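Below you'll find the structure, written out as structure tokens, and then a few comments.
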Amino acid sequence: MLSKARESLTMTEYGAIALDVGGVIYYDEPFELAWLQATYDLLRSDDPAITRSVFIEHVERFYRSPDDGAAGRTLLHSPAAARAWAQIRRAWHELAQEMPGAVRAAVTLAREVPTVIVANQPPECARVLDAWGLTEACAGVFLDSLVGVAKPDPALLGIALEHLGVAPADLLVVGNRHDHDVLPARALGCPVAFVRADPGYRPPSGVHPDLIRAYTSLRAVRTAPPAGDDERVSVVATLAALARSSATGLRPVTRAESS
């Protein structure tokens with residue numbers, strides 16, 4: 001969730017904000033867990049010899065080296081996994097779970113300072129953002145699946161910067177992954193607020209506990225905060241407290257707001 005980076009962090013020094021979606025607006029975990037379970041179920045229907053323990057080994061390989069090819073071909077690169085992902089996309093709106101207070105905070109923030117969505121998400125995410133009022137509230141929505149460039153390529157943030165017409169130093173990037181959010185932001189010279197992991201999601205029905213345990217451990221590695229980062233936001237509901245306030249000027253995040 002989004003809360004204090006440091007108690008005195010305010011938005012007065014920034015001209016705009018770029019918000020990630022997964023891990024910031026809604027939980028990533030329900031989609032991924034549902035996909036993993038659906039993939040396993042489809043694999044088992046094709047080949048009953050595939051055990052849960054073998055599948056979890058492939059899950060670990062996939063999540064530890066998802067982008068560099070070191071994982072090789074795993075069961076999560078199979079046609080069954082692609083069919084399962086199509087199922088999850090059809091159920092995207094039903095699986096979406098708002099992180100507590102995130103939508104209200106983001107809408108409030110967007111009234112105070114130009115705010116855009118910049119995220120690696122399928123097109124179905126746009127439907128959720130529409131339904132939750134975020135598309136209307138924000139100054140722009142830039143999803144990799146719609147604009148043709150994805151994180152960690154800094155070009156996705158570059159599109160948002162061009163749209164906003166602000167300098168990189170004036171755009172605060174809010175995200176929950178070092179590789180996909182912190183690194184591209186810093187490559188462009190944007191300040192970063194890192195969102196700490198939040199365990200408050202509800203696992204989708206039917207996901208085996210062993211799969212949940214394995215995924216949770218891998219997820220913790222993926223969303224570990226960057227070492228030495230001194231601008232951290234950890235409670236989504238207090239995101240709006242970071243906004244510029246013309247009436248009061250500087251507006252620190254208090255302990256009450258960050259609880």
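Worth saying up front: this structure is predicted, and the values here are computed from it rather than measured.
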With hydrophobic residues grouped by side-chain heavy-atom distances under 4.5 Å, do Leu143 and Val149 end up in a single group?
no

With a 4.5 Å cut-off on side-chain heavy atoms, are His208 and Gln37 touching?
yes

When every non-hydrogen atom of Ile212 is compared with those of Thr216, the smallest separation belongs to O-OG1, 2.7 Å

For a side-chain hydrogen bond (donor to acceptor under 3.5 Å, both in side chains) with Asp20, tell me which candidate from Lys151, Arg177, His180 qualifies.
Lys151

Report yes or no: do Val207 and Leu218 belong to one cluster of Ile/Leu/Val/Met/Phe/Trp/Tyr joined by side chain heavy-atom distances under 4.5 Å?
yes

Regarding Arg83 and Asp41, does a basic nitrogen lie under 4.0 Å from an acidic carboxylate oxygen?
no

On a heavy-atom basis, which atom in Ser145 and which in Gln121 lie closest, and how many Å separate them?
OG-O, 2.6 Å

Are any of the side-chain nitrogens in Glu32 or Arg222 under 4.0 Å away from the carboxylate oxygens of its partner?
yes

Tell me which one of Ile117, Val173, Val141 satisfies side chain to side chain contact (heavy atoms under 4.5 Å, CB included) with Leu19.
Ile117

Can you check whether Asp210's main-chain N or O pairs, donor with acceptor, with Arg52's side chain at less than 3.5 Å?
no

Identify the heavy atoms of Ala38 and Gln87 that sit nearest to each other, and give their distance.
CB-OE1, 3.9 Å

Supply the atom-to-atom distance Arg61 CZ to His77 NE2, rounded to the nearest 0.5 angstrom.
9.0 Å

What are the two closest heavy atoms between Leu188 and Pro154, and how far apart are they?
CD1-O, 3.4 Å

How many angstroms lie between atom CZ of Arg213 and atom CD1 of Ile56, to the nearest 0.5 angstrom?
8.5 Å

Could you measure the distance from the OG atom of Ser205 to the CG atom of Leu33? Nearest 0.5 Å is fine.
11.5 Å

Leu76 side chain reached by Phe55 side chain, heavy atoms, under 4.5 Å:
yes

With a 4.5 Å heavy-atom cut-off, do Tyr27 and Asp198 have their side chains touching?
yes

Side chains of Asp130 and Thr135: do they bring a donor and an acceptor to under 3.5 Å?
yes

Check: Phe62 ring centroid to Trp35 ring centroid under 6.0 Å:
yes

To the nearest 0.5 Å, what is the distance between CG on Asn176 and CG on Asp28?
6.0 Å

Hey, could you give me the NE2/CZ distance between His58 and Arg73, rounded to the nearest 0.5 Å?
11.5 Å

Could you state whether Phe142 and Val24 fall into the same hydrophobic cluster, counting links through intermediate Ile, Leu, Val, Met, Phe, Trp or Tyr residues with side-chain heavy atoms under 4.5 angstrom apart?
no

Establish whether Leu164 and Val192 are linked, either directly or via other cluster members, by ILVMFWY side-chain heavy-atom contacts under 4.5 Å.
no

Do Gln97 side-chain atoms and Tyr26 backbone N/O form a donor-acceptor pair below 3.5 Å?
no

Check the angle between the aromatic planes of Trp92 and Phe31 and answer parallel, tilted or perpendicular using the 30° and 60° thresholds.
parallel

Where is the tightest heavy-atom contact between Val113 and Thr115, given as atom of each residue plus distance?
O-OG1, 2.9 Å

Does the side chain of Tyr201 pick up a donor-acceptor pair with the side chain of Glu98 at under 3.5 Å?
no

If every non-hydrogen atom of Ala84 is compared with every non-hydrogen atom of Leu42, which pair is closest and at what distance?
N-CD1, 3.7 Å

If you apply the rule side-chain contact (heavy atoms from CB on, under 4.5 Å), what do you find for Arg219 with Glu29, and how did you get there?
CA-CA 9 Å; Arg219 174 84 182 173; Glu29 291 89 342; 3.4 Å; yes

Interatomic distance, Glu57 atom CD to Leu75 atom CG [nearest 0.5 angstrom]:
10.0 Å

Could you tell me whether a side-chain N or O of Thr223 sits under 3.5 Å from a main-chain N or O of Val221, the two making a donor and an acceptor?
no

Does a donor on one side chain sit under 3.5 Å from an acceptor on the other, for Glu60 and Tyr215?
no

When hydrophobic residues are tied together by side-chain contacts of less than 4.5 Å, even through go-betweens, does Leu156 share a cluster with Val116?
yes

